[in-house]
Novice: 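The structure's right below; bear with me while I get my questions together.
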Amino acid sequence: MTPLYLDIINYIMDKIHSDEWPVGYMIPTEEQLCEQFGVSRPTVRTAVLKLAQEGHVKRVKGKGTFVTAPRVLEQTTVFVESFFKEMKQRGLEIATEVLEFRVMTIDQELSARLETESDRAIKLSRLRYVKDSFDEGPIVLTTCYFSENRSFLFQYDFEKVSLSAVLNENECRRSTIEKEITAVTLNTRDSRMLGMKEGDLAIKIMSSSRDENDMVVDICDSLYPISRNQFMLKLQV
């Protein structure tokens, strides 16, 4: 079954491509789109958030959402292995420290990314180190969010087991993963967690995984200090 938010995305993109809604045009409000399509507000927010992430619209706080010139993205297929599998292939053993693992209240943006109407979700935040190299500092800070109904997660110790293995064991397999990669400067909190200086550079990877039914499994935001990491992407040409 096609997700409802895709109808809204297609409607907005048709308006943009036909030039009926030019750059700078303010699109209908969430309330108007909810009424027009007969859907909930989280569904509308998911559609608008995805369009904003792709650069088709821009949300201006207190004013509305406006059509903007989209970013040009290079279309490539990138094969990214699971973290543990990739490290194992490089001959590295990884140690994990769980910083936070609880049910919490989430904001509208996270609710939209999880495609849920609930304002609560499970949060799992972890630091990853190269084993026996703790003095060199963490190589990644990863924070993942899951729908509140994934309560089976609390049966596991994620300092000892792989998240991917747990999901597979509970028939919650990631079928597709979409990743957005950007360069950022570390804020005060994240730099402290990573043992870096505020303003140091890091690679931020925002990922969203879906199961074979196109339902969101989890969303994860990972920060990799540039001074401690090197990336190699394998592209299909």
Novice: Applying side-chain contact (heavy atoms from CB on, under 4.5 Å), name anything that partners Lys63, two or more places apart in sequence or on another chain.
Specialist: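 So Lys63 forms a side-chain contact (heavy atoms from CB on, under 4.5 Å) with Val60, Phe66.
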Novice: Determine whether Val48 and Arg59 make a side-chain contact, defined as any pair of heavy atoms from C-beta on separated by less than 4.5 Å.
Specialist: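 In contact.
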Novice: State, to 0.1 Å, how close Thr68 and Lys58 come at their nearest heavy-atom pair, and which atoms those are.
Specialist: CG2-N, 4.2 Å
Novice: Between Thr188 and Glu198, do the side chains contain an N or O donor and an N or O acceptor separated by less than 3.5 Å?
Specialist: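 There is such a pair (donor and acceptor under 3.5 Å, judged by atom type) between the side chains of Thr188 and Glu198.
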Novice: Could you check whether Arg173 pairs with Glu212 (Lys NZ or Arg NE/NH1/NH2 to Asp/Glu carboxylate O, under 4.0 Å)?
Specialist: no
Novice: Where do Ala112 and Thr46 come nearest, in terms of heavy atoms and distance?
Specialist: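 Closest approach of Ala112 to Thr46, heavy atoms only: O-OG1, 2.8 Å.
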Novice: If you draw a 6.0 Å radius around CD in Glu159, do more than 12 non-hydrogen atoms from other residues or ligands fall strictly inside?
Specialist: yes
Novice: How long is the span from the OG1 atom in Thr182 to the CD atom in Glu180, to the nearest 0.5 Å?
Specialist: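 Rounded to the nearest 0.5 Å, the OG1-CD separation comes to 6.0 Å.
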Novice: Could you walk me through whether Leu201 and Val184 pass the side chain to side chain contact (heavy atoms under 4.5 Å, CB included) check?
Specialist: CA-CA 6 Å; Leu201 291 174; Val184 299; over 6 Å; no
Novice: Would you tell me whether Asn170 and Tyr156 have side-chain atoms, one donor and one acceptor, within less than 3.5 Å of each other?
Specialist: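 Per modelled atom types, Asn170 and Tyr156 side chains form a pair under 3.5 Å.
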Novice: With rounding to the nearest 0.5 Å, note down the distance linking NZ in Lys204 to CG in Leu141.
Specialist: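 That separation rounds to 10.5 Å.
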Novice: Can I get a per-line list of side-chain donor-acceptor pairs under 3.5 Å for residues 99-107, giving both atom names and the distance, sequence neighbours left out?
Specialist:
| unit_1 | atom_1 | unit_2 | atom_2 | d |
| --- | --- | --- | --- | --- |
| Glu100 | OE1 | Lys123 | NZ | 3.0 |
| Glu100 | OE2 | Arg102 | NE | 2.5 |
| Glu100 | OE2 | Arg102 | NH2 | 2.8 |
| Asp107 | OD1 | Glu109 | N | 3.3 |
| Asp107 | OD1 | Leu110 | N | 2.9 |

Novice: Using the salt bridge (charged side-chain N to carboxylate O under 4.0 Å, His left out) criterion, which residues pair with Arg210? Sequence neighbours excluded.
Specialist: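 Here the qualifying residues are Glu115, Asp214.
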Novice: Can you name the residues that form a disulfide bond (SG atoms under 2.5 Å apart) with Cys220, not counting sequence neighbours?
Specialist: Cys144
Novice: Between Thr96 and Arg126, is any side-chain donor less than 3.5 angstrom from a side-chain acceptor?
Specialist: no
Novice: Could you walk me through whether Asp200 and Thr185 pass the side chain to side chain contact (heavy atoms under 4.5 Å, CB included) check?
Specialist: CA-CA 5 Å; Asp200 280 352; Thr185 55; over 6 Å; no
Novice: Looking at NE2 of His56 and CD1 of Ile27, how far apart are the two atoms once the value is rounded to the nearest 0.5 Å?
Specialist: 12.0 Å
Novice: Please name the residue in the list Ile177, Leu124, Leu163 that meets the side-chain contact (heavy atoms from CB on, under 4.5 Å) test with Asp218.
Specialist: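 Option passing the side-chain contact (heavy atoms from CB on, under 4.5 Å) with Asp218: Leu163.
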Novice: Does the side chain to side chain contact (heavy atoms under 4.5 Å, CB included) test come out yes or no for Glu31 and Arg41, once each step is laid out?
Specialist: CA-CA 7 Å; Glu31 292 83 358; Arg41 184 166 287 189; 2.5 Å; yes
Novice: Within this structure, what is the CE-SG distance for the pair Met215 and Cys172, rounded to the nearest 0.5 Å?
Specialist: 10.5 Å
Novice: Got a sec: does the CD of Gln36 have more than 12 other heavy atoms crowding it under 6.0 Å?
Specialist: yes
Novice: Kindly give the heavy-atom pair with the smallest separation between Ser118 and Ser111, and that separation in Å.
Specialist: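 For Ser118 and Ser111, the tightest heavy-atom pair comes out as O-OG, 3.3 Å.
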Novice: Side-chain contact, heavy-atom cut-off 4.5 Å: Ile219 with Phe146?
Specialist: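 Side chain of Ile219 against side chain of Phe146, heavy atoms only: no contact under 4.5 Å found.
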Novice: Can you see which heavy atom on Arg228 is nearest to which on Gly195, and at what distance?
Specialist: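 Closest approach of Arg228 to Gly195, heavy atoms only: NH2-O, 3.3 Å.
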Novice: Distance only, no hydrogens: is a donor on one side chain within 3.5 Å (strictly under) of an acceptor on the other, for Thr43 and Ser40?
Specialist: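 A pair is found: one side chain offers a donor N or O, the other an acceptor, under 3.5 Å apart.
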Novice: Would you find more than 12 non-hydrogen atoms of other residues, nucleotides or ligands less than 6.0 Å from Gln155 atom CD?
Specialist: yes
Novice: Can you tell me how far apart CD (Glu97) and OG (Ser125) are? Round to the nearest 0.5 Å.
Specialist: 9.5 Å
Novice: Which heavy atom in Thr142 sits nearest to a heavy atom in Ser222, and how many Å separate them?
Specialist: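 Nearest heavy atoms, Thr142 then Ser222: OG1-OG, 3.0 Å.
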Novice: Output, in order, the C-alpha distance, side-chain angles, deciding distance and verdict of side chain to side chain contact (heavy atoms under 4.5 Å, CB included) for Leu223 and Val140.
Specialist: CA-CA 5 Å; Leu223 289 170; Val140 61; 5.8 Å; no
Novice: Considering non-hydrogen atoms only, spot the tightest contact between Ser175 and Asp211 and give its length.
Specialist: CB-C, 3.5 Å
Novice: To the closest 0.5 Å, what do you measure between OH (Tyr224) and CD1 (Ile139)?
Specialist: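 So the gap between those two atoms works out to 8.0 Å.
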Novice: Kindly write out the residues that satisfy salt bridge (charged side-chain N to carboxylate O under 4.0 Å, His left out) with Asp221, not counting sequence neighbours, or none if the list is empty.
Specialist: Arg113
Novice: Flag the pair Arg192 / Leu186 as yes when at least one side-chain heavy-atom distance between them is below 4.5 Å, and no otherwise.
Specialist: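 Counting from C-beta outward, Arg192 and Leu186 never come under 4.5 Å.
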Novice: Could you tell me which residues satisfy salt bridge (charged side-chain N to carboxylate O under 4.0 Å, His left out) with Glu148, sequence neighbours excluded, listed by chain and number?
Specialist: Arg120
